[in-house]
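Predicted model, so just to flag it, every value in this text is computed and none were measured. Numbering of residues begins at 1 and proceeds along the displayed sequence.
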Amino acid sequence: MKTKTILITGANGQIGTVLTEALRERFGTENVIATDIRKPDTSDGPFELLDVLDKDRFDEVIRKYEVGEVYHLAAILSAKGEQNPKWAWEINMTGLLDVLDLARKYEFKLFFPSSIAVFGGNTPRVDTPQDAVLQPETVYGISKSAGENWCQYYHNRYGVDVRSVRYPGIIGYQSLPGGGTTDYAVDIYHYAVKEEAYTCFLKENARLPMMYMEDAIRATIEIMQAPAEKVKLRGGYNIAGTSFTPEEVAATIKTHYPDFSIQYEPDFRQDIASSWPESISDEAAREDWGWKPKFGLKEMTEDMLHQLKNYYRLKVS
Ligand code: AKB
């Protein structure tokens with residue numbers, strides 16, 4: 001049997017970079033096509049330039065590689081979206097509707113990344129349930145919440161096999177995030193390893209749901225591999241990893257770098273964080289397709305610091 005070809009949009013982004021590598025390891029480099037609006041600095045496999053708003057080009061690339069699975073990661077995140085709401089809406093929503101149409105036309109399986117940003121200030125903030133009310137307060141959250149409904153609609157009406165999780169903040173050493181509210185939780189580790197003081201753009205007690213990259217990649221691949229009948233929700237599944245405040249992550253870092261220092265200068269991103277849950281209930285994902293996280297704050301911190309220390313050591317040598 002021919003191995004199916006997989007295509008990733010937004011492959012140069014924080015999650016895309018790592019997911020591309022993980023899928024290539026598993027399914028073979030030649031079977032995973034990375035696409036993005038810009039060429040990557042280095043590329044270890046097939047790559048195509050693709051603007052997700054260019055539907056004809058999208059169609060052409062899907063046909064060229066006879067794609068059987070798409071991970072549609074191209075999107076504008078929460079903080080950047082607030083600086084240009086209509087642009088963020090256009091990319092997040094038109095991009096998704098185009099790929100849903102293509103999934104219907106070519107019958108490929110689709111992954112849509114949703115986010116904890118679908119929730120707003122009027123949902124319970126602790127252990128937020130799967131079916132809590134969705135009244136997001138950012139354009140990013142509005143686009144993810146509408147996107148989930150579109151995914152469910154395309155599944156119900158046209159039988160599109162679309163699957164989705166609501167990512168919390170993702171923390172990894174392999175790539176940098178860009179334009180999100182949870183980005184501080186990656187930056188802080190880089191500053192610690194470089195032995196520089198860190199200024200955090202959220203308050204010390206801003207508790208948010210977070211997840212180590214390794215868990216996030218595993219969740220993404222697991223939901224895509226799950227038998228179709230187990231994926232009962234075609235909007236977005238809550239997935240939980242860990243949950244912490246800037247003060248708590250700084251304290252954990254200090255057990256390795258006692259001189260690490262942090263100060264707080266909250267900006268507009270604090271308002272976004274205040275509208276999001278502190279922690280998430282992921283019961284539905286656990287029950288339906290067996291989701292279980294592995295990394296807590298302590299294990300994640302150990303691995304992040306270890307990996308980044310090696311990275312900066314190699315960079316200077
Ligand atoms: C963001 O901060 O915008 C993202 C997210 C939680 O979806 N990391």
Can you label the angle between the [X] ring and the [Y] ring as parallel, tilted or perpendicular, going by 30° and 60°?
X: F295; Y: Y212; result: tilted
X: Y71; Y: F111; result: tilted
X: W150; Y: Y153; result: perpendicular

For the backbone of [Y] and the side chain of [X], can you confirm whether one donor and one acceptor N or O come within less than 3.5 Å of each other?
X: N310; Y: Q307; value: no
X: T94; Y: I91; value: no
X: R24; Y: V32; value: yes
X: E299; Y: G296; value: yes
X: R166; Y: Q130; value: yes
X: D282; Y: A240; value: yes
X: S143; Y: W89; value: no

Minimal non-hydrogen separation, [X] against [Y], with atom names:
X: L23; Y: I8; result: CD1-CD1, 3.8 Å
X: V231; Y: A226; result: CG2-CB, 4.0 Å
X: P277; Y: F119; result: CG-CD1, 3.6 Å
X: F260; Y: K254; result: O-CE, 3.0 Å
X: G179; Y: L77; result: O-CB, 3.4 Å
X: V160; Y: A103; result: CG1-CB, 3.8 Å

Using a strict threshold of under 4.0 Å (side-chain N to carboxylate O), is an ion pair present between [Y] and [X]?
X: R57; Y: E60; value: yes
X: R269; Y: E82; value: no
X: D101; Y: R104; value: no
X: R218; Y: E214; value: no
X: K105; Y: D59; value: yes
X: R207; Y: E248; value: yes
X: E48; Y: K64; value: yes

Close side-chain approach of [X] to [Y], heavy-atom, < 4.5 Å:
X: F47; Y: D36; value: yes
X: L208; Y: W276; value: yes
X: P124; Y: P129; value: yes
X: I116; Y: N238; value: no
X: I171; Y: M304; value: yes
X: S175; Y: V18; value: yes
X: T5; Y: F108; value: no
X: P293; Y: R286; value: yes

Would you say that more than 12 heavy atoms from the other residues, nucleotides or ligands in this model lie under 6.0 Å from the [atom1] of [X], or not?
X: E107; atom1: CD; answer: no
X: K55; atom1: NZ; answer: yes
X: E283; atom1: CD; answer: no

### Summary
So the side-chain hydrogen bond (donor to acceptor under 3.5 Å, both in side chains) pairs with at least one residue in residues 7-16 (sequence neighbours excluded) are T9-H72
### Message
Checking D288 now: which residues fulfil salt bridge (charged side-chain N to carboxylate O under 4.0 Å, His left out) with it, not counting sequence neighbours?
### Response
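Result, salt bridge (charged side-chain N to carboxylate O under 4.0 Å, His left out) vs D288: K232.
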Return the [atom1] to [atom2] distance between [X] and [Y], rounded to the nearest 0.5 Å.
X: L7; Y: L110; atom1: CG; atom2: CG; result: 10.5 Å
X: L134; Y: N122; atom1: CG; atom2: CG; result: 9.5 Å
X: L305; Y: M300; atom1: CG; atom2: CE; result: 9.5 Å
X: Q152; Y: L233; atom1: CD; atom2: CG; result: 7.0 Å
X: M213; Y: D303; atom1: CE; atom2: CG; result: 12.5 Å
X: S243; Y: E278; atom1: OG; atom2: CD; result: 7.0 Å

### Test applied, ring-ring contact (aromatic ring centres under 6.0 Å, His included); reference residue, Y237; option that passes from W289, W291, F112
W289
Would you say [Y] and [X] are linked by a side-chain donor-acceptor pair, where the criterion is simply a distance under 3.5 Å?
X: T17; Y: E21; answer: no
X: D127; Y: S281; answer: no
X: Y106; Y: R63; answer: yes
X: Y167; Y: T220; answer: yes
X: N31; Y: Y65; answer: no

Output a table of donor-acceptor pairs, distance under 3.5 Å, between side-chain atoms of residues 186-205 and any protein atom two or more places apart or on a different chain; print 'none' if there are none.
unit_1	atom_1	unit_2	atom_2	d
Y189	OH	T301	OG1	2.8
H190	ND1	Y312	OH	2.7
T199	OG1	Q263	NE2	3.1

### Query
Is it true that Y154 and V70 fall in one hydrophobic cluster, defined by side-chain heavy atoms closer than 4.5 Å?
yes
### Task
Give a yes or no on whether I6 and V162 share a hydrophobic cluster (residues Ile, Leu, Val, Met, Phe, Trp, Tyr; joining criterion: side-chain heavy atoms under 4.5 Å apart).
no
### Query
What residue among K4, R163, R26 forms salt bridge (charged side-chain N to carboxylate O under 4.0 Å, His left out) with E69?
K4
### Task
For side chain to side chain contact (heavy atoms under 4.5 Å, CB included), just list the numbers for Y140 and I76, CA-CA rounded to whole Å, side-chain angles, deciding distance to a tenth of an Å, and then say yes or no.
CA-CA 7 Å; Y140 171 66; I76 305 302; 6.0 Å; no
### Message
Assess the residue pair E148 and K144 against the criterion (salt bridge (Lys or Arg N to Asp or Glu O under 4.0 Å)); give the C-alpha distance rounded to whole Å, side-chain angles, the decisive distance to 0.1 Å, and a yes or no.
### Response
CA-CA 6 Å; E148 286 191 6; K144 290 297 179 187; over 6 Å; no
### Query
side-chain hydrogen bond (donor to acceptor under 3.5 Å, both in side chains) with D161: which of R234, K109, H155?
R234
### Message
For a side chain to side chain contact (heavy atoms under 4.5 Å, CB included) check, start with the C-alpha distance between I217 and I15, then their side-chain angles and the critical distance, and finish with the verdict.
### Response
CA-CA 8 Å; I217 297 297; I15 298 174; 4.1 Å; yes
### Query
Step by step, would you call L49 with I37 a side chain to side chain contact (heavy atoms under 4.5 Å, CB included)?
CA-CA 6 Å; L49 277 175; I37 199 160; over 6 Å; no
